[in-house]
Amino acid sequence: MNPILVVDDNEQIVDILSQYIKKEGWPMLAARTGEEALDLFDAAGPSLILLDIMLPGIDGLEVCRRIRATNTKIGIIML
């Protein structure tokens, strides 16, 4: 089972989502910046991405564009 990637710079949101994801038995990774999200996407091949729009550095919309350029099938939920 591939992990769910949570991308948000707000620690409280990451913690809340983490609790729900882990309770359902899914592995989870967290990224705090767009750059970190892209690195984890390449390394881990997540099943789903929960992506904040307002991120430091590369924003969520650009992260989404870059992921979609290489993978059109992964689910991305914008927060």
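For the numbers below, each heavy atom of this structure counts, side chains included, while hydrogens, waters and symmetry mates do not. Counting from 1, the numbers follow the sequence of the chain as shown.
- No side-chain heavy atom of P46 sits under 4.5 Å from any side-chain heavy atom of L29.
- Around atom CE of M54, no more than 12 heavy atoms belonging to other residues, nucleotides or ligands sit under 6.0 Å away.
- The closest side-chain heavy-atom distance from L50 to I21 is below 4.5 Å.
- Contact check for V7 versus R32: no side-chain heavy atoms found under the 4.5 Å cut-off.
- Taking OG1 of T70 as the start and CG of L38 as the end, the distance is 9.0 Å to the nearest 0.5 Å.
- Considering all non-hydrogen atoms of both residues, F41 and L5 come closest at N-CD2, 4.2 Å.
- Transitive grouping of hydrophobic side chains (ILVMFWY, heavy atoms separated by less than 4.5 Å) brings W26 and L79 into a common cluster.
- Between L55 and D9, some side-chain heavy-atom pair lies under the 4.5 Å cut-off.
- Of the possible polar contacts, none joining the R68 side chain to the V63 backbone as a donor-acceptor pair under 3.5 Å is found.
- Contact check for L51 versus C64: side-chain heavy atoms found under the 4.5 Å cut-off.
- Atom OG of S18 and atom CG of D8 lie 12.5 Å apart (nearest 0.5 Å).
- Taking CD of E62 as the start and CD of E35 as the end, the distance is 10.5 Å to the nearest 0.5 Å.
- I77 is not connected to I67 by any chain of hydrophobic side-chain contacts under 4.5 Å among Ile, Leu, Val, Met, Phe, Trp and Tyr, and they are in different clusters.
- Within the 4.5 Å cutoff, side-chain heavy atoms of V6 are placed close to those of M28.
- Note that the CD1 atom of I4 and the CD atom of E24 stand 9.0 Å from one another [nearest 0.5 Å].
- The shortest distance between side-chain heavy atoms of E36 and T33 falls below 4.5 Å.
- Side-chain contact between I49 and I74 is present, with at least one heavy-atom pair separated by less than 4.5 Å.
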> Run the side-chain contact (heavy atoms from CB on, under 4.5 Å) check on D52 and I13 step by step: do they pass?
Replying inline: CA-CA 10 Å; D52 184 24; I13 292 174; over 6 Å; no
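- Taking CD1 from I16 and CD from Q12, the interatomic distance works out to 6.5 Å, rounded to the nearest 0.5 Å.
- Pairing each heavy atom of A31 with each of L40, the nearest pair is CB-CD1, 3.9 Å.
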